[in-house]
Visitor: 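After the C-alpha cells below, expect a handful of questions from me.
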Amino acid sequence: MALQVDIVTIFPAFLESTLRYGVVARALSAGIASVNCVDLRNFTHDRHRTVDDRPFGGGEGMVLKPEPLTEAIESLGIAPKANRDTQKESVVLLSAQGQPFTQTIAQELKSLDRLVLICGRYEGVDERVNALHCDREISIGDYVLSGGELGAAVIVDAVVRLLPGVLGNPDSAHYESFGHAHDSEQAEDAPPLAMSPSAGLLDYPHYTRPAEFRGMPIPDVLSGGDHTAIRKWRRQQALRKTAANRPDLLETATLSAEDRRFLATLREN
C-alpha cells in the first residue's frame, strides 16, 4: 500500500512546488506515495478567511485558531485520536516545541499507511488542536522558522526516500549517515560497498575522478585494491568525522574494541 501524506497549510502552492523534483517526484509518479496539500483557509467561514487570532493572556504574535484546523483534519477521514491505530496512521504537529526529527523517526513514519502533517504558523497553534488530534509534535531543529512548511517538506523527503522502490539501490538507505549497517558485515573478499559503513555514525569522505584535483590526490588506500584496508579506512574516517562533528552519536553507536582504540588515538592527538 502506498504511503498517503496530507499536509495542512496556509501555503499549499509553496509545498506543491517542492514535490516536483528528485526522489519525491519519482515516488509520486510511480504511485509509491501520494501527497495532498490541504489549504487551511478553505475551512474558514468569514469573508477574510481568517485562520488566526490574538492569544489569550496577552503577548506578541497571533495563534492559529482551533476551528479551521479541526475541520481540516476531520475532513481527511482519519480516525479520531482516541480510536486511532498509530501503527497505521498518525497526525503530526510541526512545532519548535516538538521532539527532534531523526532518522529513527523517519523509519517509524515510513511504515505508516497515512501521515497527516499540520504546519504551524505565527506564534503557534491553539494547544487544543494538539490535545484533540495530534499524536506527536516534531521539530526539525533547535531554531525557529516562520512556519511548519519547510519542516513538512523535510519530513516528506526523509520519509519517502526510505520507501521500497524509491531509491535506485535499496541498500542506500541502510549504508549512509545515521544508518544501521556497515560494510564490515560483508564477506571479507567482497568488494567494499560504496555506501557508508555507518552503523549510527556519520558518513565517511567520498572521492571520484579525477584522482588528483588542484594538487590534492585521493587517499592512496582507495586505489590500492585492498578490500580489507579500504573497509578499515572507511570505518576510521566515519569515526573521525563523527567525533569531530557529532560526538553525541558515539554514545549510542555500535562500536567495536578496535573502534574504541582508534577513537582513543584521536583524543590523544
Side-chain angles (χ1 to χ4, degrees), residues 18 22-24 94-110 137-145 148 150-162 166-169 171-186 192-224 227-269:
T18 69
V23 296
V24 173
L94 279 299
S95 164
Q97 292 79 46
Q99 66 181 130
F101 183 59
T102 64
Q103 190 73 2
T104 298
I105 293 178
Q107 290 282 355
E108 294 172 9
L109 298 180
K110 68 108 173 182
E137 293 178 84
I138 289 178
S139 167
I140 63 166
D142 292 340
Y143 45 85
V144 178
L145 297 171
L150 287 170
V154 166
I155 290 174
V156 168
D157 189 282
V159 171
V160 167
R161 68 185 297 278
L162 297 176
V166 174
L167 298 180
N169 187 325
D171 284 334
S172 294
H174 300 288
Y175 296 90
E176 61 182 359
S177 292
F178 314 111
H180 299 286
H182 56 83
D183 63 6
S184 64
E185 297 168 3
Q186 307 298 311
L193 295 169
M195 290 74 67
S196 169
S198 57
L201 305 176
L202 298 183
D203 205 350
Y204 58 78
H206 294 267
Y207 298 87
T208 187
R209 294 184 178 88
E212 183 173 331
F213 178 68
R214 295 193 175 182
M216 299 178 65
I218 65 170
D220 291 339
V221 65
L222 298 180
S223 58
H227 298 164
T228 300
I230 292 174
R231 284 193 178 89
K232 181 177 180 180
W233 179 87
R234 286 178 169 174
R235 182 66 177 176
Q236 290 181 346
Q237 294 305 308
L239 289 165
R240 185 189 300 274
K241 181 78 74 171
T242 305
N245 294 346
R246 289 292 305 277
D248 57 296
L249 295 177
L250 296 174
E251 297 175 8
T252 55
T254 303
L255 301 177
S256 66
E258 183 178 359
D259 291 337
R260 296 184 187 280
R261 286 193 294 270
F262 178 75
L263 288 170
T265 65
L266 293 181
R267 288 190 288 270
E268 292 170 359
N269 296 329

Visitor: Verify side-chain contact (heavy atoms from CB on, under 4.5 Å) between Thr104 and Gln107, making sure each step is shown before the conclusion.
Guide: CA-CA 5 Å; Thr104 298; Gln107 290 282 355; 5.7 Å; no

Visitor: Kindly indicate, with the supporting measurements, whether the criterion side-chain contact (heavy atoms from CB on, under 4.5 Å) is fulfilled by Glu137 and Leu94.
Guide: CA-CA 6 Å; Glu137 293 178 84; Leu94 279 299; over 6 Å; no

Visitor: Ala243 and Leu266: which non-hydrogen atoms are nearest, and at how many Å?
Guide: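 Minimum heavy-atom separation between Ala243 and Leu266: CB-CD1, 4.3 Å.
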
Visitor: Atom CD1 of Ile140 and atom CZ of Phe101: how far apart are they, to the nearest 0.5 Å?
Guide: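 It is 9.0 Å, given to the nearest 0.5 Å.
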
Visitor: Given the rule in the side-chain contact (heavy atoms from CB on, under 4.5 Å) test, do Leu202 and Asn245 qualify, once you have shown the distances and angles that lead to the verdict?
Guide: CA-CA 9 Å; Leu202 298 183; Asn245 294 346; 3.9 Å; yes

Visitor: Does atom CG (Asp248) have a neighbourhood of more than 12 heavy atoms from anything else shown, all under 6.0 Å?
Guide: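 Enclosed.
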
Visitor: Show your reasoning for whether side-chain hydrogen bond (donor to acceptor under 3.5 Å, both in side chains) applies to Glu258 and Ser256.
Guide: CA-CA 5 Å; Glu258 183 178 359; Ser256 66; 5.1 Å; no

Visitor: Only distances under 3.5 Å count here; give the side-chain donor-acceptor pairs of residues 211-224 to other protein atoms, sequence neighbours excluded, each with its distance to 0.1 Å.
Guide:
unit_1: Ser223; atom_1: OG; unit_2: Asp220; atom_2: O; d: 3.2

Visitor: Apply the side chain to side chain donor-acceptor pair (under 3.5 Å) test between Tyr204 and each candidate in Arg234, Gln237, Gln236, Arg235; give the one that qualifies.
Guide: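 For Tyr204, the side chain to side chain donor-acceptor pair (under 3.5 Å) check succeeds only for Arg234.
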
Visitor: Looking at Phe262, is its backbone amide N or carbonyl O close enough to the side chain of Thr265 to form a donor-acceptor pair, meaning the two atoms are under 3.5 Å apart?
Guide: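 The answer is yes, because a donor-acceptor pair under 3.5 Å joins these two groups.
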
Visitor: Let's go through Leu167 and Arg161 carefully: what are the C-alpha distance in whole Å and the side-chain angles of both, what is the deciding distance for side-chain contact (heavy atoms from CB on, under 4.5 Å) to 0.1 Å, and is it a yes or a no?
Guide: CA-CA 6 Å; Leu167 298 180; Arg161 68 185 297 278; 3.9 Å; yes

Visitor: Just by modelled atom types, is the Ala153 backbone N or O under 3.5 Å from a matching donor or acceptor in the Asp157 side chain?
Guide: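 Here the side-chain-to-backbone pair does not exist.
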
Visitor: I need the Leu250 CG to Leu239 CG distance, nearest 0.5 Å.
Guide: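 CG of Leu239 is found 7.0 Å from CG of Leu250.
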
Visitor: State the OG1-CG distance between Thr254 and Leu201, to the nearest 0.5 angstrom.
Guide: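 It comes to 8.5 Å.
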
Visitor: Mind checking the OG1-CG spacing from Thr242 to Asp203? Nearest 0.5 Å is all I need.
Guide: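 It is 9.0 Å, given to the nearest 0.5 Å.
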
Visitor: Please report the interatomic distance CG(Leu145) to OG(Ser139), rounded to the nearest 0.5 Å.
Guide: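 These two atoms lie 8.0 Å from each other.
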
Visitor: Can you list everything that forms a side-chain contact (heavy atoms from CB on, under 4.5 Å) with Arg267? Sequence neighbours excluded, please.
Guide: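 Arg267 satisfies side-chain contact (heavy atoms from CB on, under 4.5 Å) with Leu263, Ala264 once adjacent residues are dropped.
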
Visitor: First locate atom CD1 of Ile105, then atom CD1 of Ile155, and finally report the distance between them rounded to the nearest 0.5 Å.
Guide: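 Rounded to the nearest 0.5 Å, the CD1-CD1 separation comes to 8.5 Å.
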
